[in-house]
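Just so you know, residue 1 is the first one in the sequence shown, and it goes up from there.
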Amino acid sequence: MQAACHTAPGNADLQAELLSIGTELLLGQIVDTNSAYLAGRLAGLGIDLRYLSTVGDNLGRATETLRRATERSDLVVCTGGLGPTEDDLTREAIAAALGETPAVDPVLEAELRAWFGGRGVPMPERNRKQAWLIPSAQALPNPLGTAPGWDVRRGGTRIIAMPGVPREMTRMWEVEVEPTLGGGSMLRSRTLKLLGIGESSVEEALAELVRSTAPTVATYAKNDGVHVRITDKGDDAAGVMARIDSMDTTIRRRIGEHVWGTDEDTLGAVVGRALRTRGWRLVVAEAITGGDIARALTETAGSEVWLAGAVVLPAADEHTLATHAASLGADVACLAPAGETETSLVVRTPDRDARRATVHFRSAPEGRRRATLAALDLIRRAVIG
């Protein structure tokens with residue numbers, strides 16, 4: 001749900017561009033999470049994102065980048081550079097790119113002085129620049145900080161400038177910008193998450209589906225397995241979701257046994273739900289994984305209900321791990337023994353024989369990562385039934 005429109009094309013006709021401003025981004029001192037967030041929001045609105053740029057705190061380069069962006073894009077969304085210091089140059093760059101002169105807006109200045117006054121301190125004079133506006137700009141309120149945003153509209157182009165602080169930017173985008181965007185084509189997607197099968201095997205199993213255009217189907221190798229993303233676009237939300245549902249069903253017919261979750265699911269959350277349903281508690285005993293299985297589980301909200309405990313014993317074999325796991329008195333035990341090039345993972349439940357999975361690897365880091373994922377998936381399969 002996103003920003004920008006001019007004379008009134010639908011969202012499907014908009015071409016958007018993201019511009020992150022700040023030398024700290026170019027130096028790798030901070031990670032640009034704002035762009036990832038905004039790209040997702042634009043996609044959800046059916047607005048095509050064509051370019052993503054980063055520029056440092058240099059007025060000439062920032063102005064040139066903005067000028068180029070306004071020439072090729074209908075909507076330009078900027079983050080960063082709205083602070084009060086000399087190297088916060090976004091307002092100056094927008095003004096220069098459009099050939100307009102900024103001036104202090106009395107209303108904004110009064111609001112800023114009230115903001116500081118409410119905290120018992122006088123406003124530094126350098127903060128007056130945060131009350132600037134140009135003739136083509138309207139201020140976007142920022143109750144979380146001192147930097148109002150700009151909503152600039154001129155000649156069929158819209159520029160949105162927001163603070164770089166993620167929580168300020170997110171609130172401004174969702175409350176002040178998205179509601180101003182018109183309707184039009186919408187894009188929706190669903191991600192199926194798989195384990196126990198490689199990306200090439202997934203693509204082979206899906207065959208002609210990866211060439212589909214409505215919806216599209218794409219595969220990705222990720223840290224938690226292989227993802228299959230189904231994406232569709234249209235003016236009718238019900239129709240879009242119906243096509244996604246139909247493709248989801250078709251994919252599951254072919255590789256459903258490997259699907260462990262969708263979208264925001266995590267392996268820990270999926271395991272936790274299954275354990276709660278069964279009324280079981282789990283214990284984990286790890287050697288090769290060095291505590292990574294327990295870490296993935298304890299990062300899941302509510303894990304204290306179904307995770308009885310964990311033990312890490314470097315170089316321990318299955319028997320040693322089983323002995324320590326038994327002392328914690330849980331219903332389900334997951335054992336991850338040590339190994340140099342392979343390990344045999346074990347999950348024991350009250351209602352059936354132990355399940356096993358052998359993981360082969362070439363290095364210790366690879367073994368740790370692969371064994372962690374395989375163990376979580378083995379637990380999932382064992383407790384779901």
Can you tell me how far the [atom1] atom of [X] sits from the [atom2] atom of [Y], to the nearest 0.5 Å?
X      : Y      : atom1 : atom2 : answer
Leu195 : Leu373 : CG    : CG    : 5.5 Å
Thr79  : Met169 : OG1   : CE    : 6.5 Å
Glu342 : Arg370 : CD    : CZ    : 11.5 Å
Ile230 : Met247 : CD1   : CE    : 7.0 Å
Phe361 : Glu340 : CZ    : CD    : 8.5 Å
Cys78  : Ile159 : SG    : CD1   : 6.5 Å

For a 4.5 angstrom cut-off between non-hydrogen side-chain atoms, does [X] reach [Y]?
X      : Y      : value
Val228 : Leu194 : yes
Trp260 : Asp265 : yes
Ile134 : Thr101 : no
Ile379 : Arg355 : no
Thr170 : Arg167 : no
Ile94  : Trp150 : yes
Ile21  : Thr54  : no
Glu109 : Arg128 : yes

Arg113 to Trp115, cation-pi by 6.0 Å centre distance and 45° axis angle
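That pair does not qualify as a cation-pi contact.
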Could you please spell out the steps behind the side chain to side chain donor-acceptor pair (under 3.5 Å) verdict for Thr289 and Asp292?
CA-CA 6 Å; Thr289 48; Asp292 285 355; over 6 Å; no
For [X] and [Y], work out which heavy atoms get closest and say how close.
X      : Y      : value
Leu89  : Leu59  : CD1-N, 3.6 Å
Leu206 : Val217 : CD1-CG1, 4.0 Å
Val240 : Gly234 : CG2-N, 3.5 Å
Ala330 : Arg281 : CB-O, 3.4 Å
Thr65  : Ser53  : CG2-CB, 4.3 Å
Arg190 : Met241 : NH2-CE, 3.5 Å

With a 3.5 Å cut-off and no angle check, do the side chains of [X] and [Y] form a donor-acceptor pair?
X      : Y      : answer
Asp74  : Gln15  : no
Ser201 : Glu204 : no
Gln130 : Thr146 : yes
Asp32  : Ser35  : yes
Glu100 : Ser136 : yes

Between [X] and [Y], is there a shared hydrophobic cluster once you connect ILVMFWY residues whose side-chain heavy atoms come closer than 4.5 Å?
X      : Y      : value
Tyr37  : Val165 : no
Val271 : Val283 : no
Leu378 : Trp280 : yes
Leu192 : Ile197 : yes
Val77  : Leu52  : yes

Hey, what else clusters with Leu313 if you join Ile, Leu, Val, Met, Phe, Trp, Tyr whenever side-chain heavy atoms sit under 4.5 Å?
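Direct or chained contacts put Leu313 with Val311, Leu321, Leu335, Val346.
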Determine yes or no for a side-chain-to-main-chain donor-acceptor pair under 3.5 angstrom, with [X] supplying the side chain and [Y] the backbone.
X      : Y      : value
Thr216 : Thr213 : no
Arg368 : Gly290 : yes
Lys193 : Asp263 : yes
Arg380 : Leu267 : no
Thr249 : Asp245 : yes
Thr23  : Asp57  : yes
Thr250 : Ser246 : yes
Arg352 : Ala382 : yes
Thr341 : Arg362 : no
Asp317 : Ala338 : no

Can you tell me if [X] has over 12 outside heavy atoms packed within less than 6.0 Å of its [atom1]?
X      : atom1 : answer
His324 : NE2   : no
Arg254 : CZ    : yes
Arg276 : CZ    : yes

Decide yes or no on side chain to side chain contact (heavy atoms under 4.5 Å, CB included) for Lys129 and Glu92, but give the supporting numbers first.
CA-CA 10 Å; Lys129 70 180 289 185; Glu92 291 91 331; 2.9 Å; yes
For the pair [X] and [Y], find out whether any cationic side-chain nitrogen is under 4.0 Å from an anionic carboxylate oxygen.
X      : Y      : answer
Lys233 : Asp48  : yes
Arg72  : Glu17  : yes
Arg211 : Glu208 : no

In sequence, state the C-alpha distance, the side-chain angles, and the governing distance for Arg91 and Leu82, and then conclude on side chain to side chain contact (heavy atoms under 4.5 Å, CB included).
CA-CA 7 Å; Arg91 299 177 194 83; Leu82 294 182; 3.7 Å; yes
Does the pair Trp132 and Leu108 meet the rule for a side chain to side chain contact (heavy atoms under 4.5 Å, CB included), with working shown?
CA-CA 8 Å; Trp132 283 357; Leu108 286 180; over 6 Å; no
For Ser73 and Arg158: C-alpha separation, side-chain torsions, deciding distance, then whether side chain to side chain donor-acceptor pair (under 3.5 Å) applies.
CA-CA 9 Å; Ser73 301; Arg158 186 176 181 183; over 6 Å; no
Kindly write out the residues that satisfy salt bridge (charged side-chain N to carboxylate O under 4.0 Å, His left out) with Arg229, not counting sequence neighbours, or none if the list is empty.
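For Arg229, no residue satisfies salt bridge (charged side-chain N to carboxylate O under 4.0 Å, His left out) once neighbours in sequence are set aside.
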Give the C-alpha distance, both sets of side-chain angles, the deciding distance and a yes or no for side chain to side chain contact (heavy atoms under 4.5 Å, CB included) between Asp224 and His227.
CA-CA 8 Å; Asp224 57 355; His227 290 188; 2.7 Å; yes
Let's go through Asp151 and Gln138 carefully: what are the C-alpha distance in whole Å and the side-chain angles of both, what is the deciding distance for side chain to side chain donor-acceptor pair (under 3.5 Å) to 0.1 Å, and is it a yes or a no?
CA-CA 5 Å; Asp151 185 348; Gln138 291 185 336; over 6 Å; no
